[in-house]
Amino acid sequence: MTRTAPQFLRYLACGGTGVGVDYATFLTLGAVGLHYQAANIAGYALGTLVSFLLNRMLTFKVHDQVGRRLALFLAVAAIGWAASALLLLVLVGWAGLDEALAKAATLPMVAILQFTLNRRITFRAVPVETAAP
C-alpha cells in the first residue's frame, strides 16, 4: 500500500465527520424550509471547518502556518462547493432527482477532488528556510 492510501483513508474519516455535519445541517435546514442551495452553503461551511480542524491534526499532521493553510483549505472548499452546487443544479434542477439523494451523490466526487487539491497544495510540506551563515 502506498503512503497515499492510508492518508486518503484518514482523510475520508476526518472528511466523513465534516460531511456528516454538512449533510445533517443540509437536511435540518431543508426540513425547516430553507432553499436547498442556501442549506448547501450553510452545511458546506460548517462541515468544511470541522474537516479542516480534523485533517490538519490527524491526516496531514501539520501545525505550522495555520492561517495560510486555512485560507488555502477554504479556497479548495470553495472549488468543491462550486462543483457541488453545479452537480446539484444538474441533478435536482435538470434531472429532477430528490434533493437529499442528489446531495449524497455529489459527495464522493467532491471528496476525491478536494483530497487531491489539499494534499498537493494546502497541506504540502513547507521547506524550512535555513539562515544564511
Problem set entry | Value rounded to 0.5 Å, distance of CG in L87 from CG in N40 | 10.5 Å
Problem set entry | Whether F123 and F60 hold their rings parallel, tilted or perpendicular, with breakpoints at 30° and 60° | parallel
Seminar exercise, completed: Looking only at heavy atoms, the pair that brings T59 and Q7 closest together is CG2-O, 3.5 Å
Exercise. Is there a path of hydrophobic side-chain contacts, each under 4.5 Å between heavy atoms of I, L, V, M, F, W or Y residues, that connects L113 with L9?
Worked result: no
For this session: Please name the pair of heavy atoms, one in A105 and one in P108, separated by the smallest distance, quoted to 0.1 Å.
Result: O-CD, 3.5 Å
Exercise. Do any N or O atoms from the side chain of Y36 and from the backbone of E99 form a donor-acceptor pair under 3.5 angstrom?
Worked result: no
For this session: Using the rule that two of Ile, Leu, Val, Met, Phe, Trp, Tyr join whenever any of their side-chain heavy atoms come within less than 4.5 Å, decide whether I112 and F115 are in one cluster.
Result: yes
Exercise. Atom NZ in K61, atom NE2 in H63: separation rounded to 0.5 Å?
Worked result: 9.0 Å
Under 3.5 Å, side-chain donor or acceptor atoms of residues 27-35 against the rest of the protein: list the pairs with distances, not counting sequence neighbours.
{"residue": "T28", "atom": "OG1", "partner": "A24", "partner atom": "O", "Å": "2.7"}
{"residue": "H35", "atom": "ND1", "partner": "Q37", "partner atom": "N", "Å": "3.1"}

Exercise. Out of curiosity, does L70 fall in the hydrophobic cluster containing L53 (side-chain heavy atoms, cut-off under 4.5 Å, transitive links)?
Worked result: yes
Exercise. Shared ILVMFWY cluster between V110 and W81, side chains joined below 4.5 angstrom?
Worked result: yes
Exercise. In this structure, which one of I121, N118, L117 forms a side chain to side chain contact (heavy atoms under 4.5 Å, CB included) with L72?
Worked result: I121
Seminar exercise, completed: When every non-hydrogen atom of L46 is compared with those of V21, the smallest separation belongs to CG-CG1, 3.6 Å
Problem set entry | Minimum heavy-atom distance G15-S51, with the two atoms named | CA-OG, 3.9 Å
Problem set entry | Side chain Y23, main chain K103, donor-acceptor under 3.5 Å | no
Problem set entry | Rounded distance (nearest 0.5 Å) linking atom CG of L49 with atom CG of L54 | 9.5 Å
Exercise. Could you state the interatomic distance from CG (L91) to CG (L86), rounded to the nearest 0.5 Å?
Worked result: 9.0 Å
Exercise. If you count the non-hydrogen atoms of other residues, nucleotides and ligands that lie under 6.0 Å from CZ in R124, is the total more than 12?
Worked result: no
Problem set entry | Gap between atom CZ of F26 and atom CG of L88 - 0.5 Å precision | 6.0 Å
Exercise. Any sub-3.5 Å donor-acceptor pair from S84's side-chain atoms to G80's backbone N or O?
Worked result: no
For this session: Could you pull out the closest heavy-atom pair between T48 and A77, with the gap in Å?
Result: CG2-CB, 3.4 Å
Exercise. Do F52 and L107 sit in the same hydrophobic cluster, where Ile, Leu, Val, Met, Phe, Trp and Tyr count as joined when their side-chain heavy atoms come under 4.5 Å apart?
Worked result: no
Exercise. Can you tell me how far the OG1 atom of T122 sits from the CZ atom of F73, to the nearest 0.5 Å?
Worked result: 7.0 Å
